[in-house]
There are 4 protein chains.
Amino acid sequence: MTQNSTVTGRASNKSNGKRPPGRPRSEHSRQAILRSTLKLLRQQGFPDLSIEAVAADANVSKATVYRWWPNRGALVADAFLESAEQELQFPHTGSVRSDMSRQMRRLIRVFRSSRGKVVAALLGGGQSDPELLEAFRERFLWPRRRQAYQTLQRGIDRGELPADTDLDLLLDSLYGPIYFRFLIRHDELTEKFADKICGVVLKNCGPA
Amino acid sequence: MTQNSTVTGRASNKSNGKRPPGRPRSEHSRQAILRSTLKLLRQQGFPDLSIEAVAADANVSKATVYRWWPNRGALVADAFLESAEQELQFPHTGSVRSDMSRQMRRLIRVFRSSRGKVVAALLGGGQSDPELLEAFRERFLWPRRRQAYQTLQRGIDRGELPADTDLDLLLDSLYGPIYFRFLIRHDELTEKFADKICGVVLKNCGPA
Amino acid sequence: MTQNSTVTGRASNKSNGKRPPGRPRSEHSRQAILRSTLKLLRQQGFPDLSIEAVAADANVSKATVYRWWPNRGALVADAFLESAEQELQFPHTGSVRSDMSRQMRRLIRVFRSSRGKVVAALLGGGQSDPELLEAFRERFLWPRRRQAYQTLQRGIDRGELPADTDLDLLLDSLYGPIYFRFLIRHDELTEKFADKICGVVLKNCGPA
Amino acid sequence: MTQNSTVTGRASNKSNGKRPPGRPRSEHSRQAILRSTLKLLRQQGFPDLSIEAVAADANVSKATVYRWWPNRGALVADAFLESAEQELQFPHTGSVRSDMSRQMRRLIRVFRSSRGKVVAALLGGGQSDPELLEAFRERFLWPRRRQAYQTLQRGIDRGELPADTDLDLLLDSLYGPIYFRFLIRHDELTEKFADKICGVVLKNCGPA
DNA sequence: ACTTAACCGAGACGGTACGTCGTGTCTTGCC
DNA sequence: GGCAAGACACGACGTACCGTCTCGGTTAAGT
């Protein structure tokens, strides 16, 4: 991931090796901003997060924030997603059901941690900011889903799943209940819940 | 539903027949405010909804809005929930699977309609406002769930479901995927999706 | 002073002995209102005095205040003036200079007392409310001035003052400096100041 | 007078030559605000003057007004006093009585002009806002009084006044009656009144 | 070394909406 | 008909952020 991978994506200068003239962007400021964003997000939630406060907390001028992120959503998306890469890998246990339930447990653990608050903020804010939701999907959901496809495909190859399985339907059936409880909060979201869902959805797919 | 069922719940005077002293609350204003709230919510989404605009649209003073609703969230919750009572009844077809899939189809229809935008606003806002989410659960989720329990119980009585079925797990497995697609918007939310979920979760519970 | 002598003066029914129909005006409320007005006026000054607060303090409804006084100014005027009648009489010492200086000392004593704050409020408010100032003149200034004319006339009769003395000029010269220091507060307003003024203005008018 | 001489007196940076960091204050806005304040003050009087209206009239945001003036009083004081500096100089006619009466006539002329309304507003408001009154004294009264001392001292030097004259008493005797009529409005305030007062107070001090 | 150009902090600016308060009017039921 | 209670439309309050701007000062690369 390059330095310039903001959500909105300023043109990077990766093609020609030449650095542009002038003072280069302050990496220190960039990190301080993203760090403060996460910090405040955890404290107050998305709608009470102000650019003003982020700038103050990061000891940075407002103009610097606005120079690099067009709006609050982009900032939040960048802050969260940079911190969420390289996580939640899928294991290879040799059984679909166990591969899935283990990864689902990890997701639930993340949702229950302090980072869960940030995800909730992201998805909550995304309900009224399409770009925010888009960022969540592109940078968080799809990368994991691609791995999930492979996991399921291994199950098909092993004969644990029928060859004509609707992968998207299956994944939504597995993860939907988790997101449901996470977002509506009508019932406990424990790690055991992952196993129970697998019990319902992957009844005949090998041992838990 | 009484006149006083705001989210924050001012003490209602239904128990003792006596009206409180002073000029009575204007029912006309109350309705105008809720109507304007829904209207503007559909047009602009939750974060761009200002009390100022609601008051102006309803030809009402800001103070009147604030007198009865403590914040934007409570207003939105009341506006939506008052409009959503008495809806989404469960049918009695004689088959669990068909009862459920039909009601799930209705829910999807609501989510796809203009009222979906209001639900999304409510749930999005609820991610940072616990009371808002609480209102959604109390006034929307639980009333329906109580009916769903009965529907499933009929299935158990008829032998379509095992007697030891975990009802909450089952319901979350059925509705979770719908809310998932509705809130994350990573895939189409069609009415047919209801049937497919039932196919996964209620495989052996009678005809679709 | 009759019950109805508000500044704005509702028509009284003194001519025909018949009481009007309906419940008679509550004398208790009237006094409570005036009392609270004075109290709050002493505490906070004219611009921070609200009808709302007066009504609350007097345990009276706002409507009752508005029914009898058209605005804040009339209320304040009534409150002050009712409390200020029958005061500041002129003595008869046999010497103009001594008569005047003694009365001036009394005025200064009032200005320095807690009632001074109310007078200041009245005159301050009067700078932007002509009726308030008019009330002050009619009910406070002129009654005293009429007595002062008589005092000065006695001085003329005794030969202490020339027969062609401009009484208004003389009185303004005597009282102007007191009001000046009272309102501008640029210098001490002690009772001795009364004597000094008399020394300047009534140099040759008999002993101090 | 420096740019920073607001009533509340932000620290000015005149001593050390360095400009403070950040965008400099807009002199244009500052003047527009003061100009609009005077304009509206003349039209409507102090109590009907709203910051909201000033900001609108000056094409300036409310926040800008509040950034530099803590309240309406300070704003009015600044507006008036900036417009009143360098005025009402004392003449040098060679006679105390004539010096004084001429300056007093000028003051009366100001009080009768449209600016009189602003002074009345200032003093009226000052009755409940000590800082406002303080500003009037510091910026309007004392500067003139210092000149008056010199004028009277010249009279002493010329033998027109006794060497032991109480200057403050004398000045209050001369100006008190003017302020009295100006603020109470119980009698005409003509320029001739200045001469008459001098006749009473400076009887033996040379020709008029 | 000197220019040049972009970066950065600080913070003022015109706006918009906030949530509160007081105004003066009204509606209702009791006295 | 007076009165309390209190809801109402209205309008200003003073505050908080928005996103933009204008400064002086900094930081390298390319002269």
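In what follows, every chain begins at residue 1, and chains take the letters A, B, ... in the order their sequences are listed. Side chains included, hydrogens not; waters and symmetry mates left out as well; all remaining heavy atoms used.
- Nucleotide F:dC13 holds its C1' atom 15 Å from the CG atom of D:Leu75, rounded to whole Å.
- Atom P of nucleotide F:dA7 and atom CH2 of B:Trp69 are separated by 13 Å, given to the nearest angstrom.
- Note on A:Trp68: every side-chain N or O is 4.0 Å or more away from OP1 and OP2 of E:dA6.
- No side-chain heavy atom of A:Leu132 sits under 4.5 Å from any side-chain heavy atom of A:Phe80.
- A donor-acceptor pair under 3.5 Å links the side-chain atoms of A:Gln127 to the main chain of A:Leu123, judged by distance alone.
- Take C:Asp48 and apply the salt bridge (Lys or Arg N to Asp or Glu O under 4.0 Å) test, not counting sequence neighbours, and it matches no residue.
- Between C:Asp129 atom CG and E:dT23 atom P the separation is 14 Å, expressed in whole Å.
- Atom NE2 of C:His28 and atom P of E:dC31 are 18 Å apart (whole Å).
- Listed by first and then second residue, the side chain to side chain donor-acceptor pair (under 3.5 Å) pairs that reach into residues 35-45 of chain A are A:Ser36-A:Asp57, A:Lys39-A:Asp57, sequence neighbours excluded.
- A search for salt bridge (Lys or Arg N to Asp or Glu O under 4.0 Å) contacts involving B:Lys117 returns nothing, not counting sequence neighbours.
- Taking the ring centre of A:Trp68 as origin, the terminal cationic atom of A:Arg25 falls inside the region bounded by 6.0 Å and 45° from the ring axis.
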Assign a letter to each nucleotide of nucleotides 14-19 of chain E from its 5' end: B, base within under 4.0 Å of a protein heavy atom; S, sugar-phosphate only; -, no contact. BB-SBB
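- With sequence neighbours excluded, no residue forms a side-chain hydrogen bond (donor to acceptor under 3.5 Å, both in side chains) with C:Ser50.
- Atom C1' of nucleotide F:dC18 and atom CG of A:Asp48 are separated by 15 Å, given to the nearest angstrom.
- Straight-line distance from the CZ atom of C:Arg30 to the P atom of F:dG2: 16 Å, rounded to whole Å.
- F:dT22 atom C1' lies 16 Å from atom CD of D:Glu27, rounded to whole Å.
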Please tabulate, one pair per line, each protein N/O and nucleotide N/O from nucleotides 24-27 of chain F that are separated by under 3.5 Å, including the distance.
residue, atom, partner, partner atom, Å
F:dG25, N2, A:Arg23, NH1, 3.2
F:dT26, O2, A:Arg23, NH1, 3.1

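- Rounded to the nearest 0.5 Å, atoms CD1 (B:Ile51) and CD1 (B:Ile33) are 9.0 Å apart.
- Put simply, the side chain of A:Leu133 does not reach to within 4.5 Å of the side chain of A:Leu122, judged on heavy atoms.
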